[in-house]
Amino acid sequence: MSFDRPLPPGPPPRRPADTMATGEGTQWLSDDYRHMARALMLARRGLYGADPNPRVGCVLVREGHIIGEGWHERAGESHAEINALEAAGDRARGATAYVTLEPCCHHGRTPPCTDALLNAGVARMVAAMPDPNPQVAGRGLTQLREAGVTVECGLLETEARALNPGFIQRMTEGRPFVRLKLAMSLDGRTALASGESQWLTNEAARQDVQRFRARSSAILTGIGTVLADDPGLNVRLPETSRQPLRVILDTALRTPPAARMLQLPGSALIFTATADATAQAPLRAAGAEIAVMPRCKWELDLPVIMAELARRECNEVHVECGPTLAGALLQAKLVDELVVYIAPLLLGDKARGLFQLPELTRMNERIELEILEVRAVGRDWRLRLKL
């Protein structure tokens, strides 16, 4: 899109015929929806790279014309607002900025975006949602408003929140968003009784899993899966250059130093209850970081582990594991989303199930799920559910 046509000064007028009503009496221009939708599309371009920062898009508009746009590509690099301002140059004066998240007003990895917006002379700010980061949390919008900028917030907020579930949850609850991925046959089995499971799903489903891995801060599994399958748990998409942190839950420190997860590019972290330095030494030599955690009824204290991952700036944790850990995460109420791939196969009643859970004696003890999405992925079906 060309940004080089000359434009007269001044913000666009509000035309009542073009407005749409939203909650709490706010009136938005129909163009406001269009430009914010564009900003959301731009934000999605940071789906794989922006972590641990939020995915944010920005569009600058003057007299109905887009004069600059940008998105946050990688942590430590320019935020969406800065990229859009650089594209707009001097024409940003008097413009409206559409941003999917409240601009930052603090010094983090980069300087405050609010200062850059004010220096550029932006006249109006439309934000999809406030920043849940306690360092911002409304202060950015207040700073702009007090400097004379017209500030509005809440346009397409639901869509903006859907882009950053992990960042929002980490900032508000101190834990990452946990997505548990499972694959099963039509009769609810994940592997034969022998443990053989490759492959239940087809290539299209396995590629789909790569996209969930790529958007995650960390990929987590249990020692049982490591010993049975020796997975790499890396991202194999050409469009991503970032490898999520690979995490193993290993109470007794049985991870082989030659495990594939420890040989691939990227970082590996092992949570264990074994503090013995001698037992840890071979794994440290293989490049793994070791973190000793307290024991509990799930062997390792899962809520403490999730809090530690949040402290390490993990927004979304993608889990691929066996029925023991899957059941423990469900019982600990740490699963925010289930992604289940269903293959049109039958494995029989001796094959392994999805979850290891205590026996239920009454129907009112059942765990209920809400289906968020059902879609075909090649020959298989993908269900997204939440508790």
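- The closest side-chain heavy-atom distance from I305 to L300 is below 4.5 Å.
- A 4.5 Å side-chain heavy-atom check between L85 and L60 finds at least one atom pair inside the cut-off.
- Two residues are said to be in side-chain contact when any heavy atoms from C-beta on lie closer than 4.5 Å; E308 and R312 meet this criterion.
- Of all heavy-atom pairs between V99 and E81, the closest is CG1-OE2, 3.6 Å.
- Checking side-chain atoms of R161 against main-chain N and O of T158 turns up no donor-acceptor pair under 3.5 Å.
- Side chain of R260 to backbone of D230: a donor-acceptor contact under 3.5 angstrom is found.
- The pair R384-E337 meets the salt-bridge criterion, with a side-chain N (NZ, NE, NH1 or NH2) lying under 4.0 Å from an Asp/Glu carboxylate O.
- Between R45 and E69 there is no salt bridge, since none of the side-chain N atoms of the basic residue sits less than 4.0 Å from a carboxylate O of the acidic one.
- In this structure a side-chain-to-backbone donor-acceptor pair under 3.5 Å is missing from D90 to R93.
- Rounding to the nearest 0.5 angstrom, the gap separating the CG atom in L245 from the CD atom in E313 is 12.0 Å.
- Side chain of D250 to main chain of I223: no donor-acceptor pair is present (N/O by atom type, distance under 3.5 Å, no hydrogens or angles).
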* **Intermediate values then yes/no, side chain to side chain donor-acceptor pair (under 3.5 Å), E320 and H318** => CA-CA 7 Å; E320 298 186 24; H318 175 88; 2.7 Å; yes
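- Of all heavy-atom pairs spanning G232 and M261, the tightest one is O-CG, 3.6 Å.
- Residues M125 and T114 have side chains not in contact (no heavy-atom distance under 4.5 Å, counting atoms from C-beta outward).
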* Asked: Going through the distances and angles, do I82 and C113 end up as a side chain to side chain contact (heavy atoms under 4.5 Å, CB included)?
  -> CA-CA 7 Å; I82 305 305; C113 289; 4.1 Å; yes
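- In this structure, the side chain of N164 does not engage the main chain of I168 through any donor-acceptor pair within 3.5 Å.
- Using a 4.5 Å heavy-atom threshold, the side chains of F212 and R179 count as touching.
- Taken from CZ in R55 to OG1 in T100, the straight-line distance is 11.0 Å, to the nearest 0.5 Å.
- With rounding to the nearest 0.5 Å, the separation of CE in M306 from CZ in F271 is 8.5 Å.
- Hydrophobic clustering (ILVMFWY, side-chain heavy atoms < 4.5 Å, transitive): L345 and V209 are in distinct clusters.
- In this structure, the side chain of N133 engages the main chain of Q135 through a donor-acceptor pair within 3.5 Å.
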* To do: Any chance you could lay out the side chain to side chain contact (heavy atoms under 4.5 Å, CB included) test for I66 and H35, step after step, and finish with the verdict?
  => CA-CA 8 Å; I66 294 177; H35 295 313; 4.1 Å; yes
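- By the 4.0 Å N-to-carboxylate-O rule, D32 lies close enough to R124 to be salt-bridged with it.
- The environment of R44 atom CZ is sparse: at most 12 non-hydrogen atoms of other residues, nucleotides or ligands sit within 6.0 angstrom.
- Residue S217 holds its OG atom at 9.0 Å from CG of L309, rounded to the nearest 0.5 Å.
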* What do the steps show when you test Q143 against D115 for side chain to side chain contact (heavy atoms under 4.5 Å, CB included), and what is the final call? -> CA-CA 9 Å; Q143 180 184 342; D115 290 352; 3.1 Å; yes
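- With rounding to the nearest 0.5 angstrom, the CG atom of L347 is 5.5 Å from the CG atom of L200.
- Under the 4.5 Å side-chain criterion, counting only non-hydrogen atoms from C-beta, Y33 is in contact with L155.
- Side chain of E102 to main chain of P130: no donor-acceptor pair is present (N/O by atom type, distance under 3.5 Å, no hydrogens or angles).
- Residues V317 and L233 fall into different hydrophobic clusters, defined by Ile, Leu, Val, Met, Phe, Trp and Tyr side chains chained together at heavy-atom separations under 4.5 Å.
- Put simply, CG on L101 and CZ on F167 are 6.5 Å apart, with the number rounded to the nearest 0.5 Å.
- When all heavy atoms are compared, the tightest approach of A218 to V247 is CB-CG2, 4.1 Å.
- For N53 (side chain) and A75 (main-chain N/O), no donor-acceptor pair under 3.5 Å exists by modelled atom type.
- We find that R175 and D336 are joined by a salt bridge, their nearest charged nitrogen and carboxylate oxygen being less than 4.0 Å apart.
- For the 3.5 Å distance criterion, the side chains of D380 and T201 fail to qualify, holding no donor opposite an acceptor.
- Proximity of H79 to C58: side-chain heavy atoms (C-beta onward) are nowhere separated by under 4.5 Å.
- Under a hydrophobic-cluster definition in which Ile, Leu, Val, Met, Phe, Trp and Tyr are linked whenever side-chain heavy atoms come within less than 4.5 Å, directly or via other members, L325 and M184 are assigned to the same cluster.
- Nearest heavy-atom pair, L237 versus A214, reported as atom, atom and distance to 0.1 Å: CD1-CB, 3.9 Å.
- When side chains are defined from C-beta on, C153 does not count as touching V126, because their heavy atoms never get closer than 4.5 Å.
- Summarising the geometry of T240 relative to Y48, their closest heavy-atom pair is OG1-CB, 4.1 Å, with the distance given to 0.1 Å.
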* **L283/Q280 under side chain to side chain contact (heavy atoms under 4.5 Å, CB included): CA gap, chis, key distance, verdict** => CA-CA 6 Å; L283 292 166; Q280 293 178 6; 5.9 Å; no
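- Both L387 and L334 are part of a single hydrophobic cluster, where members link through side-chain heavy atoms under 4.5 Å apart.
- In the hydrophobic clustering of this structure, V339 does not group with F355; members are Ile, Leu, Val, Met, Phe, Trp, Tyr whose side-chain heavy atoms approach within less than 4.5 Å, directly or through other members.
- Within 6.0 Å of atom CG in D276, more than 12 heavy atoms from other residues, nucleotides or ligands are found, so the atom counts as buried in its surroundings.
- Put simply, the side chain of T251 never gets that close to the backbone of T272: no donor and acceptor are under 3.5 Å apart.
- In this structure, A310 and G174 approach most closely via the heavy-atom pair CB-O, 3.4 Å.
- Checking S185 against D187 by side-chain atom types alone, a donor-acceptor pair falls below 3.5 Å.
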